[in-house]
Amino acid sequence: DAGVTQSPTHLIKTRGQQVTLRCSPKSGHDTVSWYQQALGQGPQFIFQYYEEEERQRGNFPDRFSGHQFPNYSSELNVNALLLGDSALYLCASSLEGQALYEQYFGPGTRLTVT
Amino acid sequence: KQEVTQIPAALSVPEGENLVLNCSFTDSAIYNLQWFRQDPGKGLTSLLLIQSSQREQTSGRLNASLDKSSGRSTLYIAASQPGDSATYLCAGNSGAGSYQLTFGKGTKLSVIP
């Protein structure tokens, strides 16, 4: 059973650049959420995608945007990178209609902004 | 707005001890509560999920309880092993219409052989 996969594993970017992170959900899942985890902190919710639309968003600026494709995979885009964007970016998937809303997480992408 | 707090921030125990990790939350309308394990630099592994209608869940040496009235959840680990060393995070959402998980900062557990 394929779990949640993310790419790339690590990424180094310069301030002001743009970055795209990718996520493939667990087999059979149709919903993807993105979280940002700074060092020593718990993950913070960025947004969730379902049916190719953003349906809930956390307290993140518009520099953070995303997309969901017909095969349920997702991308997270961050524009005009700041040093403070350095973090572990986690993708989680779940199945709509599953009453528990249980989320399964991928291994994450470590983004370093210099 | 849901807020989640975990105490203690770090815990060190000798191998074989039983231990309890604590999680408190502010919104009693919590829909479910999930406990996760995170190894250094890695993603999250789901350990247990408790629905709002349940009071506890068990998996092997792990037992998690949920008390909505007091805003608390505990994770009990029996007969701890060095392989249990990791950061443990709890997370909850607020209400059936909320898809967002709100996390605590975690408890870093070290089990000493």
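Letters go in sequence order (proteins before strands), and every chain restarts at 1.
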Practice task
Take atom CD1 of Ile12(A) as the centre, draw a 6.0 Å sphere, and report whether it contains more than 12 heavy atoms from other residues, nucleotides or ligands.
Solution key: no
Whatever's closer than 4.5 Å to a heavy atom in chain B on Gln37(A) counts as side chain
**Asked** Just by modelled atom types, is the Thr45(B) backbone N or O under 3.5 Å from a matching donor or acceptor in the Tyr104(A) side chain?
**Response** no
Applying a strict under-4.5 Å side-chain criterion to I, L, V, M, F, W and Y, I'd like to know whether Phe60(A) and Val19(A) cluster together. yes
Arg55(B) meets the salt bridge (Lys or Arg N to Asp or Glu O under 4.0 Å) criterion, sequence neighbours left out, with none
Asn59(A) atom CG: more than 12 heavy-atom contacts under 6.0 Å: no
query = Are more than 12 heavy atoms from other residues, nucleotides or ligands located less than 6.0 Å from atom NZ of Lys105(B)?
reply = no
- Message: For Arg57(A), is the CZ atom crowded, meaning more than 12 foreign heavy atoms sit under 6.0 Å from it?
- Response: yes
Exceeds 12 heavy-atom contacts within 6.0 angstrom, atom OH of Tyr88(B): yes
With chain A, the option among Lys108(B), Gln6(B), Gln100(B) that has the most non-hydrogen atom pairs under 4.5 Å is Gln100(B)
Audit row: Gln103(A), Ser46(B), side-chain contact (heavy atoms from CB on, under 4.5 Å) steps and yes/no
CA-CA 8 Å; Gln103(A) 296 192 23; Ser46(B) 181; over 6 Å; no
| query | So with a 6.0 Å cut-off around CG of Leu83(A), is the heavy-atom count from everything else above 12? | reply | yes
In terms of heavy-atom contacts, Leu89(B) and Gly42(A) come closest through CD2-CA, 4.3 Å
The side-chain contact (heavy atoms from CB on, under 4.5 Å) partners of Pro14(B) (sequence neighbours excluded) come to Glu17(B)
Whatever's closer than 4.5 Å to a heavy atom in chain B on Tyr35(A) counts as side chain
In terms of heavy-atom pairs under 4.5 Å with chain B, the winner among Gly108(A), Pro107(A), Pro43(A) is Pro43(A)
Residues of residues 36-43 of chain B with a heavy atom under 4.5 Å from any heavy atom of chain A, in residue-number order, are Phe36(B), Gln38(B), Gly41(B), Lys42(B), Gly43(B)
Between the CG atom in Leu101(B) and the CD atom in Gln44(A), the distance rounded to the nearest 0.5 Å is 11.5 Å
The reported gap from CZ in Phe45(A) to CD in Gln2(B) (rounded to nearest 0.5 angstrom) is 14.0 Å
Those residues at least two apart in sequence (or on a different chain) that pass ring-ring contact (aromatic ring centres under 6.0 Å, His included) with Tyr89(A) are none
